[in-house]
Number of protein chains: 2
Amino acid sequence: MGTTKSTGFSKKQNDLVIVLRAMAHPARLAIIQHLLKVNSCIGGELVDELPLAQPTVSRHLKELKDAGIIKGTIDGVKVNYCINSKKWNLIREQLDQLFATSVKDNDCC
Amino acid sequence: MGTTKSTGFSKKQNDLVIVLRAMAHPARLAIIQHLLKVNSCIGGELVDELPLAQPTVSRHLKELKDAGIIKGTIDGVKVNYCINSKKWNLIREQLDQLFATSVKDNDCC
DNA sequence: TGTTTATATTGCAATATTACGATCTATTGT
DNA sequence: ACAATAGATCGTAATATTGCAATATAAACA
């Protein structure tokens, strides 16, 4: 236990969960938002932007990369990070789908 | 450690993270989707829908309730659960805002 | 080659999460 | 009052996550 049970749920559900998990951390959300804002790719100046030590930022970047949300290309000593636009649009679609159903006000709640 | 650092991030960021965290679990996502689908409030038949034991489902329901995503009203022995439409629409807005920025394909990535 | 610079990885330690069996609580029906 | 039913809570065990210091790696430059 401590392990999330993924069997018994659809692949679609589990896939979305992976992305949501990756986004569900202030540092990682901040990284995403920063990359969206500056649009152009930037290197590890993210470390200066965040209230976290360099190894910790590196770890979060890795998690975002593993989830497919960001991409990183080595540029000499530095690394350029940016949003994976293809994946980002896919996530948008998945969330649009989730929020497509209009929620009626229920009498019981 | 093990604790997520929230200082140094905006309240807006931390608030969204709370919601994303709540959604970032297959069981909880499944609960949300089920409640969206059936729309009308249902009780603990969610336990039958999910591959998890009753106490575990109860815990997940509590977490969704704590995050404000769902509401539960006692109806005799049963409990009616439903999406908190107000909160749900708010989340939608927050995500719309996050995804509002169009992501250009960057030359470096 | 040696040094600097930028980033990644490792190795902890602390805390959080997940899951389930057992148990408690509260309401309904007999 | 007593049993049945629906949920919540507790206790516990296993695993995951987070964060940082220390260290490793790898490219650029003297």
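Every chain is numbered from 1, with letters handed out A, B, ... down the list of sequences.
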If each of S58(A) and R21(A) is mapped to the nucleotide of DNA chain C with the nearest heavy atom, which maps nearer the 5' terminus, i.e. the 5' end? S58(A)
Would you check if the side chain of N80(A) reaches a backbone N or O of T73(A) as a donor-acceptor pair within less than 3.5 Å? no
Return yes if the base of dA6(D) and the side-chain atoms of Q54(B) contain a donor-acceptor N/O pair under 3.5 Å, otherwise no. no
Sequence neighbours excluded, the answer for side chain to side chain contact (heavy atoms under 4.5 Å, CB included) partners of E45(B) is I42(B), D48(B)
Categorize E63(B) for me: base, sugar-phosphate, or nothing, with a 4.0 angstrom heavy-atom threshold over every strand shown. sugar-phosphate
Please determine if R92(A) and D96(A) form a salt bridge, counting it only when a charged side-chain N lies under 4.0 Å from a carboxylate O. no
Within the distance-only criterion (no hydrogens, no angle test), does the side chain of R28(B) pair as donor or acceptor with the backbone N or O of H60(B) below 3.5 angstrom? no
F99(B) vs W88(A) aromatic rings, parallel, tilted or perpendicular, using cut-offs 30° and 60°? parallel
Applying a 4.0 Å non-hydrogen cut-off, can you work out what T4(B) is touching in the nucleic acid: base, sugar-phosphate, or nothing? sugar-phosphate
Figure out the CG/C1' separation between D66(A) and dA16(D), and round it to whole Å. 15 Å
May I have the distance from R59(B) (atom CZ) to dG11(D) (atom P), rounded to whole angstrom? 12 Å
Residues, nucleotides or ligands: over 12 heavy atoms within 6.0 Å of I74(A) CD1: no
For DNA chain C, whose closest nucleotide is more 5', that of V77(B) or that of V79(A)? V79(A)
Please list, in numerical order, the residues of residues 11-20 of chain A that have a heavy atom closer than 4.0 Å to any atom of DNA chain C. none
Measure CD/E49(B) against P/dA6(D) and give the value in whole Å, please. 16 Å
Assuming nearest nucleotide by heavy-atom distance, tell me which of K62(B) and D75(A) is located more 5' along DNA chain D. K62(B)
Have a look at I74(A) and say if it touches a base, only the backbone sugar-phosphate, or nothing, with a 4.0 Å heavy-atom cut-off. nothing
Length of the line joining D48(B):CG and dT5(D):C1', which is rounded to integer Å: 13 Å
If Ile, Leu, Val, Met, Phe, Trp and Tyr residues are connected whenever their side-chain heavy atoms lie under 4.5 Å apart, and connections chain through other members, are L98(B) and L29(B) in the same group? yes
What contact category does T3(B) fall into here, base, sugar-phosphate, or nothing, at under 4.0 angstrom with non-hydrogen atoms? sugar-phosphate
Closest to the 5' end of DNA chain D, once L52(A) and K78(B) are matched to their nearest nucleotides, is K78(B)
Treat each ILVMFWY residue as a node, draw an edge where side-chain heavy atoms are under 4.5 Å apart, and state whether M23(A) and I18(A) are in one component. no
Is it possible for you to say whether V38(B) and I31(B) belong to one hydrophobic cluster, with membership spreading through side-chain heavy-atom contacts below 4.5 Å? yes
Covered region of DNA chain C, 5' end to 3' end, by chain B [heavy atoms, under 4.0 Å]: dA13(C) to dT28(C)
